[in-house]
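Contents: one structure, followed by commentary.
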Amino acid sequence: MDRTRRRTRLAAIAWALAALLLALPVAGVQASTPGAWTTAATMHVSREHFAAALLGDGRFLVAGGVSNGVLLRSAEIYDPGRGSWRMAASMAVARYAPSATLLHDGEVLVAGGYNGGDLGSAELYDPVVDRWTATGPMVSPRRDHVAAALRDGRVLVTGGFAGDAILADAELYDPGRRSWIPAPPMAAPRLGHTATVLDGGRVLVAGGEATQGVLVPTFPGVPAGVYARSRAAELYDPLLGVWTPTGAMATRRTSHTATLLADGRVLVAGGYSPDVDTQVASAELYDPRTGRFTPGRSMSSARAVHTAIMTGGGRVLVAGGYHDGDGCLRSVEEYDPATGAWAPAASMASPRTFHTSTLLAGGRVLVAGGHAADGSTGRAEIFT
């Protein structure tokens, strides 16, 4: 009897050990990638190069853009609670590549863009009454510019493209007066740069196209030409109203991403290199305490015109983008600031670039719209 019990016990132990070994990752075999994507409702209108803003109540607004060559003035809102899109009131003007900024009072400022010419007009969307109203015109018409919401409620707009020139101009929108005023210009013209509001309230502007040669206008997209990409960076102080130089990036890049981390540093990743249409996988970190960029570990895939967003767990999710030879990308990677390492995440169902990534309540990330292999897309999906 004791011998039978001993054999039974040994067999149970052997099965437990076998199950444990099967659960462990085998050397050289990659464990399953983290996260999962689920299909979300499709937008009513396929669009790319559109304006987008997360509203104060957690809904998500998209407006304008272009759909397979057709300029749009339509807008729609995604409701995470219902998991659906609904059409919103349309803007007064169709806009390609405008900016959108959520103001302190809950309205959304949509400014500039392109509609047969570069626009200087701006509109305000009130989500409570679903209505657009005109506001003061910009100082300089522009498209493909970057807007940053300052701590005091104003909006800083920098660079972009107007006519046949890349702009160094900057300007400020005052919601109280509903008007724009000139800000001191940046040290250099910039297109495809990033503007990140640091913990102290200053704005870090980095990279972008600095100059261009003879241009041949094309649409949609940025005019063709000979571009000089920049590694320079500068800081705007809203209290003093001045720009000051800061440390330069290790790599010249444009159409990259810049993400503010929980510890106050800024992660810069990807983009186009100095060579036209060549993407980079490199990343670097800006430390506001030292004013310097230091190289970080590279992503597994070179990409440009992608999105990057910090998730609820403090990691940075990089999704999609464009890569020569592969076209629009489905691949997704996560950066862990604690270890400085990148890890693959589950790939999106649809490859895309010129899309948006938005952090919803509960830590989910909504990816919507953009340009896919078959043209402008309205498909959306959620990363959990």
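Both backbone and side-chain heavy atoms feed into the values below; hydrogens, waters and symmetry mates do not.
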Between Asn115 (side chain) and Ala94 (backbone), is there a donor-acceptor pair under 3.5 Å?
-> yes
Is there a donor-acceptor pair closer than 3.5 Å between any side-chain N or O of Arg303 and the backbone N or O of Ala281?
-> no
Look at Arg178 together with Glu107 and state whether they make a salt bridge at an N to O cut-off of under 4.0 Å.
-> yes
Can you hop from Val197 to Tyr236 via hydrophobic side chains spaced under 4.5 Å?
-> yes
Taking every non-hydrogen atom, the tightest pair across Val266 and Ala258 = CG1-CB, 3.9 Å
Does a sphere of radius 6.0 Å around CZ in Arg202 hold more than 12 heavy atoms from other residues, nucleotides or ligands, not counting ones at 6.0 Å or beyond?
-> no
Just by modelled atom types, is the Gly163 backbone N or O under 3.5 Å from a matching donor or acceptor in the Asp118 side chain?
-> yes
For the side chain of Trp243 and the backbone of Glu234, is there at least one donor-acceptor N/O pair under 3.5 Å apart?
-> no
same_hphob_cluster(Val110, Tyr125) at 4.5 Å side-chain heavy-atom cutoff | yes
Between Arg352 (side chain) and Gly369 (backbone), is there a donor-acceptor pair under 3.5 Å?
-> yes
So, does Thr259 use its side chain to make a donor-acceptor pair with the main chain of Met310 at under 3.5 Å?
-> no
For Met348, does its backbone N or O pair with a side-chain atom of Arg330 as donor and acceptor, under 3.5 Å?
-> yes
Salt-bridge criterion met for Glu209 and Arg252 (N-O under 4.0 Å) = no
Main-chain N/O of His371 paired to Thr353 side chain as donor or acceptor, under 3.5 Å | no
With side-chain contact (heavy atoms from CB on, under 4.5 Å) as the test, would you mind laying out the steps for Trp37 and Val332 before giving the verdict?
-> CA-CA 11 Å; Trp37 292 91; Val332 180; 3.8 Å; yes
Here the pair of heavy atoms bringing Ser230 nearest to Met249 is O-CE, 3.9 Å
Thr135 side chain to Tyr173 side chain, donor-acceptor N/O pair below 3.5 angstrom | yes
Could you tell me whether the side chains of Ser357 and Thr307 share a donor-acceptor contact shorter than 3.5 Å?
-> yes
How about Thr158 and His193: does a side-chain donor come under 3.5 Å of a side-chain acceptor?
-> yes
Judged by atom type as modelled, is there a donor-acceptor pair below 3.5 Å linking the side chain of His306 to the main-chain atoms of Ala269?
-> yes
Specify the closest pair of heavy atoms between Arg253 and Val280, including all atoms of both residues, with the distance to one decimal.
-> NH1-CG2, 3.9 Å
Do Tyr96 and His49 have ring centres separated by under 6.0 Å?
-> yes
Linking I/L/V/M/F/W/Y whenever their side-chain heavy atoms sit closer than 4.5 Å, directly or via other members, would Leu109 and Val93 fall into one cluster?
-> no
Do Asp374 and Arg379 meet the salt-bridge criterion of a basic N to acidic O distance under 4.0 Å?
-> yes
Can you check whether Tyr272's main-chain N or O pairs, donor with acceptor, with Ser255's side chain at less than 3.5 Å?
-> no
Of all heavy-atom pairs linking Ala89 and Ala75, the shortest is O-CB, 3.6 Å
Separation between CZ (Arg265) and CG (Leu198), nearest 0.5 Å, reads 13.0 Å
Verify whether one side chain among Ser282 and Arg297 offers a donor that lies under 3.5 Å from an acceptor in the other.
-> no
Minimum heavy-atom distance between Trp180 and Glu171, given as atom pair plus value | CE3-OE1, 3.5 Å
Is the shortest distance from a Lys or Arg side-chain nitrogen in Arg47 or Glu76 to a carboxylate oxygen in the other one below 4.0 Å?
-> yes
